[in-house]
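Since this is a predicted model, take the numbers as computed values, not measurements. In what follows, chains are A, B, ... by sequence order, proteins preceding strands, each numbered from 1.
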There are 2 protein chains.
Amino acid sequence: MGTKPTPRSIPVAPGSRTPRRSIHECGLFADCPDLVGTPFSYAREEEVYGEGEDAEFVYRVVEGAVRSHKILSDGRRQITGFHLAGNLFGFEQGDTHWHTAEALSDTRVLIFQRRQIERAATRSAEVACQLWGMATTSLRDAQNLMLLLGRRSAQERVAAFLIEVDGRFGGTGAFALPMTRRDIADYLGLTIETVSRTFSQLEENGALRRSGSRQITLHRGRLRHVVEN
Amino acid sequence: MGTKPTPRSIPVAPGSRTPRRSIHECGLFADCPDLVGTPFSYAREEEVYGEGEDAEFVYRVVEGAVRSHKILSDGRRQITGFHLAGNLFGFEQGDTHWHTAEALSDTRVLIFQRRQIERAATRSAEVACQLWGMATTSLRDAQNLMLLLGRRSAQERVAAFLIEVDGRFGGTGAFALPMTRRDIADYLGLTIETVSRTFSQLEENGALRRSGSRQITLHRGRLRHVVEN
DNA sequence: CGGACAGTTGACTATCCTCAAGTATGGTGG
DNA sequence: CCACCATACTTGAGGATAGTCAACTGTCCG
C-alpha cells in the first residue's frame, strides 16, 4: 500500500542517507555499542514488511506507530499488536515474517539487522537474556489479549483497550488515538460499527468524552469499573 | 483442587523421593548436565501452580497433559495453552505466575528450579538463546490463537483445534482427546454446548467420526477445507 | 464548493449463548 | 456382576449480543 521506497535496499548501507546519531540514541542495548540502528521512515499506511517475507530486519519505533496483523484469505484481519515509540518489533520464529507490519501514521524507526542481533545474542548471554525477557513480555501481552478476545464483551474490550492505550501514552487520561476504528475493531475482534456504538454507549455512561473522533478523554474510574466486572 | 501434596516442598531436595534418571532423560538442555529435573506427579485436575504464586519452578511434561488458564472474577475462563509430553511450561515475566496450571489427567513432570535455569542463561548465551527461541515459538502460537479467537467461526475454531491436536499427537488422524468439552470450549472462546453441536455438525459432514466422546478419527481433508475457508 | 473517506446510527439478521432436559459413561458399592 | 450415582456430553428451544447492510453525518483536502 502507498509508495514503496524498497525498504530493504537502504538500511544495509547506512552511511549516506541519514547521519548516524549518537550511540545512545541509535543503539539497541546499552552494552552493545556496535549494535547501531539505521534511521528510516515510513509513510502512513505504508507496509514495513509483509507476511512470508524474509525476516531480515528488526525495528524500533522512534516516532509514530505501527500495527502488526495476520489476515485470512477472505480478508478477515486480526491485529496482534500496536507498536508505539520505543517499542521493538519484527522478531520472528524462523526466517520469515508471519505477520504484516504497516505504519499507522508517518513513522520513524531504527532498523537493525536481525543477523547482527542474533550474533550479539550468541556472544553475550546478557543480550540473549534481554531478548528472552522481551519475548516473554510480548507473550504475556498476547495471552491477556487472548482472554479479552475469547471471553470479554464488546464494552469490556473497548474499555480495556482505552485503558491500555492511555497507559502506553503516559496515563494522563487524555490522548489522540493513532488508529482508525477499523484498526481498533480488528484488534478487538469486533466490527467498526460495534466499536463505534460502544464508544457512544461509553460516552453516554460518562466513561469517556470525544472531541472529534480520535481525541479521547477518559473517566478512568468508570472505565475500570466496566472492565473489572 | 483434589489432594495437595504441597508440590513446593519436595522438588528442592530431590535426593530420596525418586532415583535420578540419566542426564539424558532428566536434563533440560543438552549442554547443561547440571540442569537436572526432579520427577514429580500430579493427579487429574490437580493444580500445579496458581495465578499470583511465586514462580519458583519450571516444568516439563513427561506423561499426561496440563492446561494453563487465566480466569475472571465471574468465572469466565480462557485457557491459553495445553502442554503435552515434552512441552515445557511455567516461565513467566516477573516473579509470579500470571496463569493457573492444572493437570488434565494424571501427569508426570520434571521440575526445574527457575533460578537455576536463569543462572544458566546468564552464564551461557546458548542456553539463553534456546529460552528465547522457546518464548518466540510460544508467542507465535499465541498470536495464531488470537486470530482464531478474534476472527474465526465456531466451526473453524473446532476444526483448527482438532487439526492442531492431531499434529501434536503425531498426525495420525486418530487420537483420544485428553481434555473435556469444557476445556475445549474455554480454549476456543466458546461454550460447551456450541463445541458439542459443532462436533455433531462436523460428524454429519463426514469431517470426523467419534467413538465415545473422546476418541476421534479425523477426515483431515474435509477438516482442512473447513479451516481454509 | 465538492469529493473522498472516516465515523455514526438505524433496522434487521445470524451466530452463538442460556436455560433446560435428556442420554451416555465410568466408577463405586452391594 | 449389576445397580446406582455423579459427571460428561448431547440436543432442543428461545434469547441476546454482535454482525450485516444501508443511509447518513462530519471532516479533511484539494
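For B/D166, the salt bridge (Lys or Arg N to Asp or Glu O under 4.0 Å) partners two or more places apart in sequence, or in a different chain, are B/R220. When the ring-ring contact (aromatic ring centres under 6.0 Å, His included) test is applied to A/H97, the partners found at least two apart in sequence or on another chain are A/Y49. Listed by chain and residue number, nothing satisfies the side chain to side chain donor-acceptor pair (under 3.5 Å) test with B/R209 (two or more places apart in sequence, or in another chain). Partners of B/H83 under the ring-ring contact (aromatic ring centres under 6.0 Å, His included) rule, at least two apart in sequence or in another chain, are B/F89. Not counting sequence neighbours, the partners of A/F91 by the ring-ring contact (aromatic ring centres under 6.0 Å, His included) test are B/W132. By the salt bridge (Lys or Arg N to Asp or Glu O under 4.0 Å) test, B/R197 pairs with no residue at all, sequence neighbours left out.
B/R108 contributes no side-chain N or O that, together with a main-chain N or O of B/G64, makes up a donor-acceptor pair within less than 3.5 Å. Under a 3.5 Å cut-off, the side chain of B/R181 and the backbone N or O of B/S213 do form a donor-acceptor pair. With hydrogens and angles ignored, the 3.5 Å screen pairs a side-chain donor or acceptor of B/R76 with a backbone N or O of A/R151.
Residues in residues 139-158 of chain A take part in no ring pair (Phe, Tyr, Trp, His ring centres under 6.0 Å) pair, two or more places apart or across chains. Sorted by first and then second residue, the ring pair (Phe, Tyr, Trp, His ring centres under 6.0 Å) pairs involving residues 152-197 of chain B (not counting sequence neighbours) are B/F82-B/Y187, B/F161-B/Y187.
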Inset, instruction - Step by step, work out the side-chain contact (heavy atoms from CB on, under 4.5 Å) result for A/L202 and A/Q155. - result: CA-CA 8 Å; A/L202 290 172; A/Q155 278 230 359; 3.8 Å; yes
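Annotation: the terminal axes of the helix from C/dC1-D/dG30 to C/dG30-D/dC1 meet at 40°, where each axis is the rotation carrying the C1' atoms of four end pairs onto the next four (5 pairs per end, rounded to 10°).
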Each nucleotide N or O in nucleotides 4-9 of chain D that has a protein N or O under 3.5 Å away: list the pair and distance.
residue: D/dC9; atom: OP1; partner: B/R214; partner atom: NE; Å: 2.8
residue: D/dC9; atom: OP2; partner: B/R181; partner atom: N; Å: 2.9

Between protein and nucleotides 28-30 of chain D, what N or O pairs are separated by less than 3.5 Å?
none

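Atom CD in A/E203 sits about 13 Å away from atom C1' in C/dG7, given to the nearest Å. A/L208 has its CG atom 10 Å from the P atom of C/dT8, to the nearest Å. A/I184 has its CD1 atom 8 Å from the P atom of C/dG7, to the nearest Å. For the pair A/D183 CG and C/dC5 C1', the computed distance is 14 Å after rounding to whole Å.
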Contact string for nucleotides 16-23 of chain C, one letter per nucleotide 5' to 3', B = base within protein heavy-atom range under 4.0 Å, S = sugar-phosphate only, - = neither, reads SSBB----
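Ion pairing between a basic and an acidic side chain is recognised when a charged N comes within 4.0 Å of a carboxylate O; B/R114 and B/E56 show no such pairing.
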